[in-house]
Colleague: 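Could you have a look at this structure, given as structure tokens, before my questions?
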Amino acid sequence: MGRAEVKPLDVMLAVLANRWNASLAAKKAGDDATQQKEEIAALTAAEKVAPYLHPKLTATTLKGDKENPLRAILGIYSTDQLKSAVRGSK
């Protein structure tokens, strides 16, 4: 029988779920110290897995060409109007 393929992200998500479920069980049992400990463990796991599920957005800077500057095209309602505006005709 072959070994199961386990991906690192699957392991991190499993740890996160286990720690969170343990915190809920501790809360139900009224064990505040264990609940807090498990919540901190869940938070730590969440911090590690978050970049894989929610990548950071990066800033983009648009730079124009001095010979052909960027310009706003407003009030375009049809494809023909857009084509004319892009070509520079009215």
Colleague: Count I, L, V, M, F, W, Y as connected when their side-chain heavy atoms are under 4.5 Å apart, and connections chain through other members. Are L43 and W20 then in the same cluster?
Modeller: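 Cluster IDs for L43 and W20 differ.
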Colleague: Say you draw a straight line from NZ of K37 to CZ of R19; how long is it, rounded to the nearest 0.5 Å?
Modeller: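 CZ of R19 is found 7.5 Å from NZ of K37.
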Colleague: Would you please test L13 and L53 for side-chain contact (heavy atoms from CB on, under 4.5 Å) and show each step?
Modeller: CA-CA 10 Å; L13 289 169; L53 299 177; 3.9 Å; yes
Colleague: Could you tell me if the side chain of T44 sits less than 4.5 Å from the side chain of L16, heavy atoms only?
Modeller: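 In short, these two side chains do not touch, never coming nearer than 4.5 Å.
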Colleague: Once rounded to the nearest 0.5 Å, what's the spacing between atom CD of E38 and atom CG of D31?
Modeller: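 Reported to 0.5 Å precision, the distance equals 9.5 Å.
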Colleague: Taking all atoms of both residues into account, what is the closest heavy-atom pair of K48 and M12, and its distance?
Modeller: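 K48 and M12 have their closest heavy atoms at O-SD, 4.1 Å.
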Colleague: How far does CG of D32 sit from CD of E39, to the nearest 0.5 angstrom?
Modeller: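 Nearest 0.5 Å value for the CG-CD distance: 9.5 Å.
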Colleague: I need the S78 OG to K83 NZ distance, nearest 0.5 Å.
Modeller: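 That separation rounds to 9.5 Å.
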Colleague: Is the side chain of D10 donor-acceptor paired with the backbone N or O of V6 at a distance under 3.5 Å, no angle test?
Modeller: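 Not confirmed, D10 side chain does not pair with V6 backbone.
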